[in-house]
Amino acid sequence: QVQLVESGGGLVQAGGSLRLSCAASGRTFSTYNMGWFRQAPGKEREFVAAMNWSGGLITYAGSVKGRFTISRDNAKNTVYLQMNSLKREDTAVYYCAVGRVSTQRPDDYTYWGQGTQVTVSS
């Protein structure tokens, strides 16, 4: 069982930045494939970014590419999502997840955090 706890969400003006963190339990974090997803009210959960266990495979949704950066610190059992140039349409609850493989499909992820709210105002 893996427990994930997100933090770092909040209210920010358009054009601003936030850094989300996701702390994971377990002694084998370095083997985890990690993903970030988000869900806006009335919409389905959508892929944001993913990094495989080695950090050698990183993918982003087209809507965030060039603005968001996923990274990990295995010594701290933590994955991060740096979000720059935020837009109103980035408003959502953001979730981190551990997956069997590093994909864009939510169904490939087994463990999920409780989510952190990001609200971007104009």
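Between the side chain of Ser25 and the backbone N or O of Gln3, at least one donor-acceptor pair lies under 3.5 Å. Remark: side-chain polar atoms of Asn52 are paired, donor with acceptor, to backbone N or O of Gly56 under 3.5 angstrom. Between the side chain of Arg19 and the backbone N or O of Gly9 there is no donor-acceptor pair closer than 3.5 Å. Looking at Glu6, its side chain does come within 3.5 Å of a backbone N or O of Cys96 through a donor-acceptor pair.
Nearest heavy atoms, Ala92 versus Ala40: CB-N, 3.8 Å. When every heavy atom of Ala50 is checked against every heavy atom of Tyr109, the shortest pair comes out as CB-OH, 3.6 Å.
You'll find the side chain of Ser63 reaches within 4.5 Å of the side chain of Arg38, heavy atoms only. Counting only heavy atoms from C-beta outward, the side chains of Thr116 and Val93 never approach each other to under 4.5 Å. Two residues are said to be in side-chain contact when any heavy atoms from C-beta on lie closer than 4.5 Å; Cys22 and Val5 fail this criterion. Taking 4.5 Å as the limit, some side-chain heavy atom of Trp112 sits within range of a side-chain heavy atom of Phe37. For the pair Val79/Tyr32, no side-chain contact is recorded, criterion being any heavy-atom separation below 4.5 Å from C-beta on. With contacts defined as side-chain heavy-atom distances shorter than 4.5 Å, the pair Tyr111/Gln1 qualifies. Taking 4.5 Å as the limit, every side-chain heavy atom of Val120 sits out of range of all side-chain heavy atoms of Lys87. Side-chain contact check for Arg67 versus Met83: every heavy-atom pair is 4.5 Å or farther apart.
Dense packing is recorded around CD of Gln114, with more than 12 heavy atoms of other residues, nucleotides or ligands lying under 6.0 Å away. The environment of Gln13 atom CD is sparse: at most 12 non-hydrogen atoms of other residues, nucleotides or ligands sit within 6.0 angstrom.
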For this session: For Val98 and Asn33, run side-chain contact (heavy atoms from CB on, under 4.5 Å): C-alpha distance rounded to whole Å, both residues' side-chain angles, the deciding distance at 0.1 Å, then the answer.
Result: CA-CA 6 Å; Val98 175; Asn33 298 303; 6.0 Å; no
Exercise. After noting the C-alpha distance and the side-chain angles of Thr78 and Asp73, does the key distance pass the side-chain hydrogen bond (donor to acceptor under 3.5 Å, both in side chains) rule?
Worked result: CA-CA 5 Å; Thr78 300; Asp73 185 339; over 6 Å; no
Exercise. Do Val48 and Leu81 pass the side-chain contact (heavy atoms from CB on, under 4.5 Å) test, and can you show the C-alpha distance, the side-chain angles, and the key distance before you say yes or no?
Worked result: CA-CA 9 Å; Val48 175; Leu81 185 68; 4.0 Å; yes
For this session: Carefully, step by step, assess Leu18 and Val118 under the rule side-chain contact (heavy atoms from CB on, under 4.5 Å).
Result: CA-CA 9 Å; Leu18 283 175; Val118 172; 3.9 Å; yes
For this session: Take Asn74 and Trp53, measure what side-chain contact (heavy atoms from CB on, under 4.5 Å) needs, and give me the verdict at the end.
Result: CA-CA 10 Å; Asn74 289 340; Trp53 65 273; over 6 Å; no
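Stacking of Arg45 on the aromatic ring of Tyr95 is recorded, both the 6.0 Å distance cut-off and the 45° axial limit being met.
Cluster annotation: Phe68 and Tyr80 are assigned to distinct hydrophobic clusters (Ile/Leu/Val/Met/Phe/Trp/Tyr, side-chain heavy-atom contacts under 4.5 Å, transitive). Residues Tyr60 and Tyr94 fall within the same hydrophobic cluster, defined by Ile, Leu, Val, Met, Phe, Trp and Tyr side chains chained together at heavy-atom separations under 4.5 Å. A chain of hydrophobic side-chain contacts below 4.5 Å, direct or via other Ile, Leu, Val, Met, Phe, Trp or Tyr residues, connects Ile58 to Phe29. Phe47 and Met51 fall into different hydrophobic clusters, where Ile, Leu, Val, Met, Phe, Trp and Tyr side chains are chained together by heavy-atom contacts under 4.5 Å.
Of the inter-residue distances, the one linking Lys65 atom NZ with Thr59 atom OG1 reads 9.0 Å to the nearest 0.5 angstrom.
Side chain to side chain, Asn84 and Ser17 meet the donor-acceptor criterion of an N or O pair below 3.5 Å.
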